[in-house]
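Starting from 1, each residue takes its place in the sequence as its number. Side chains are part of it too, since the values below use all heavy atoms of this structure and drop only hydrogens, waters and symmetry mates.
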Amino acid sequence: MVSEFIIVGFPGLQDKESKAILFAVFLTVYLLILMGNFLLICILAADRHLHTPMYLTICSLAIIDIAFSTNTVPTMLAVFGSTTHTVSFSACFTQTYFFQALVSTESFNLLLMAYDRYVAICHPLHYPARITVRFTFQLIVVCWLGGILIPIITFSLAFTKRFCGPNRVLQCFCDYSGVLRLACGDVLSISYVVLFVGLSILLIPLFFIVLSYVKILLSVLHISSSGGRAKAVSTCSSHLLVLSVFFLTTAGVFISYRIPGTSVDMRIMGSVIHNVFPALMNPIIYCLRTKEIRDSLANTLKKSKIFPGRK
């Protein structure tokens, strides 16, 4: 019986020089992810003007990004920084569980953000009564609970399988699909269940997100003033960019595994980018494109005399 797994990393980049470059790159990216998302959380927590439902969902997204990258990037760094990296059976499955849980939670959180924008633009008079901070917090808790509970199905299916043969995972962390392929016996039925659950977690929220933005677009087209239309588009642009980054990188991973002839290294790279790119870009998008966050950051820097204003 297998008691531990060997995380291979990139099969075509096993020399010391390549591993050293990968280690330096991903260490830098991980530190930027932590700095960017912690800075965003601190800005939102410190400024009372930002204690609103929309920014509460952004804060939840930042926490997810920190947890998501922390679940996998340290393992990547260990793989790149050593000749052979092994992970115990239980630790490997724990990582696969949290990976699925956090992807699910992020998908639900993005749906909640779309609903917030839908009510704000399509039903602005009802927004203060319907979307309160308390109600939004309750919905965020539901998103997290759903994300935590749903992967138990796929986790239990794989965890109960016997692993008696190869133990080399062709990935930079404990990837569910990579680990499941090492199980003894037929896993085709489990693969179909995993595919169904994974697509449901992504496509059902995506369907309602698209539906929300179709209705938002129709509402914006009925706004008479150009200033009102510009303001409505501005409030949604950051969220649309975040949605694009998350769902396009996720789609890239699915597609790479289904294109014949795609190299193993390219598939692994797609999965790695999906792990780090959204978490890296989200705080940059919100800090650069959201005026309230930019102004709050500028005021904080001025008060701390890091960036003094003109006298």
Side-chain angles (χ1 to χ4, degrees), residues 1-16 18-23 25-27 29-30 67-104 147-148 150-195 197-198 201 249-250 252-254 256-258 262-276 279:
M1 295 294 291
V2 172
S3 60
E4 62 183 17
F5 294 99
I6 299 172
I7 312 299
V8 176
F10 292 96
L13 299 172
Q14 292 295 312
D15 57 286
K16 289 185 178 180
S18 297
K19 282 194 167 187
I21 293 171
L22 289 169
F23 182 88
V25 169
F26 283 97
L27 176 61
V29 169
Y30 182 52
F68 191 68
S69 57
T70 300
N71 182 51
T72 55
V73 177
T75 301
M76 296 182 199
L77 295 176
V79 171
F80 301 145
S82 60
T83 305
T84 303
H85 181 67
T86 59
V87 179
S88 68
F89 184 89
S90 57
C92 192
F93 269 91
T94 300
Q95 189 176 72
T96 64
Y97 168 76
F98 279 109
F99 179 87
Q100 294 179 72
L102 291 166
V103 169
S104 304
I148 290 169
I150 289 175
I152 292 176
I153 302 168
T154 54
F155 175 81
S156 59
L157 288 173
F159 191 73
T160 54
K161 294 292 293 184
R162 293 176 66 250
F163 290 81
C164 51
N167 66 337
R168 292 170 61 85
V169 180
L170 291 177
Q171 187 53 272
C172 294
F173 55 93
C174 284
D175 172 64
Y176 185 92
S177 298
V179 173
L180 185 61
R181 290 192 192 98
L182 303 176
C184 300
D186 183 24
V187 294
L188 185 61
S189 58
I190 296 178
S191 298
Y192 283 130
V193 172
V194 172
L195 182 63
V197 173
I201 288 170
T249 54
T250 305
V253 174
F254 272 101
S256 69
Y257 276 89
R258 282 154 183 81
T262 305
S263 69
V264 175
D265 285 333
M266 285 298 294
R267 290 173 179 172
I268 294 173
M269 181 58 73
S271 182
V272 168
I273 290 173
H274 173 253
N275 270 265
V276 299

Colleague: Please report the interatomic distance CZ(Phe80) to CG(Leu13), rounded to the nearest 0.5 Å.
Modeller: 8.5 Å

Colleague: What heavy-atom pair brings Thr249 and His274 nearest, and what distance separates the two atoms?
Modeller: OG1-CD2, 3.5 Å

Colleague: My understanding is that only residues two or more places apart in sequence, or in another chain, count here; which of them pass side-chain hydrogen bond (donor to acceptor under 3.5 Å, both in side chains) with Ser90?
Modeller: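 Applying side-chain hydrogen bond (donor to acceptor under 3.5 Å, both in side chains) to Ser90 gives none.
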
Colleague: Could you state the interatomic distance from CZ (Phe89) to CG (Asn167), rounded to the nearest 0.5 Å?
Modeller: 11.5 Å

Colleague: Measuring from Gln100:CD to Ile150:CD1, what's the distance to the nearest 0.5 Å?
Modeller: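 That separation rounds to 11.0 Å.
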
Colleague: So, taking the atom named CE in Met76 and the one named CZ in Phe10, what distance separates them when rounded to the nearest 0.5 Å?
Modeller: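 Between atom CE of Met76 and atom CZ of Phe10 there are 8.0 Å.
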
Colleague: Can you give me the closest heavy-atom contact between Asn275 and Ala279, atom names plus distance?
Modeller: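 Here Asn275 and Ala279 meet closest at O-CB, 4.5 Å.
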
Colleague: Restricting to non-hydrogen atoms, name the atom on Ser104 and the atom on Pro151 that form the minimum distance, rounded to 0.1 Å.
Modeller: OG-CG, 4.2 Å

Colleague: If you count heavy atoms of other groups shown closer than 6.0 angstrom to CZ of Phe98, is the number above 12?
Modeller: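 No, because the 6.0 Å sphere around CZ of Phe98 holds 12 heavy atoms or fewer from other groups.
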
Colleague: Using a 3.5 Å cut-off and no angle test, enumerate the donor-acceptor pairs between side-chain atoms of residues 168-181 and protein atoms at least two apart in sequence or in another chain.
Modeller:
{"from": "Asp175", "atom 1": "OD2", "to": "Ser177", "atom 2": "N", "distance (Å)": "3.4"}
{"from": "Asp175", "atom 1": "OD2", "to": "Gly178", "atom 2": "N", "distance (Å)": "3.0"}
{"from": "Tyr176", "atom 1": "OH", "to": "Thr154", "atom 2": "O", "distance (Å)": "2.6"}

Colleague: Nearest 0.5 Å, what's the CD1-OG1 distance between Ile273 and Thr250?
Modeller: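 Taking CD1 in Ile273 and OG1 in Thr250, the distance rounds to 12.0 Å.
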
Colleague: For Ala20, check side-chain contact (heavy atoms from CB on, under 4.5 Å) against everything at least two apart and list the hits.
Modeller: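 With sequence neighbours excluded, Ala20 shows a side-chain contact (heavy atoms from CB on, under 4.5 Å) to no residue whatsoever.
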
Colleague: Could you walk me through whether Thr70 and Tyr30 pass the side-chain contact (heavy atoms from CB on, under 4.5 Å) check?
Modeller: CA-CA 8 Å; Thr70 300; Tyr30 182 52; 3.0 Å; yes

Colleague: Taking the side chain as everything from C-beta on, heavy atoms only, tell me whether Gln95 gets closer than 4.5 Å to Thr75.
Modeller: yes

Colleague: Once you round to the nearest 0.5 Å, how far does CD1 of Ile190 lie from CG of Leu195?
Modeller: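 Reported value, rounded in 0.5 Å steps: 13.5 Å.
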
Colleague: Does any part of the side chain of Pro11, heavy atoms only, come nearer than 4.5 Å to the side chain of Ile268, both counted from C-beta?
Modeller: yes

Colleague: Report the relative orientation of the aromatic rings in Phe155 and Phe93; use parallel for angles under 30°, tilted for 30 to 60°, perpendicular for over 60°.
Modeller: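 Ring orientation, 0 to 90° scale: perpendicular.
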
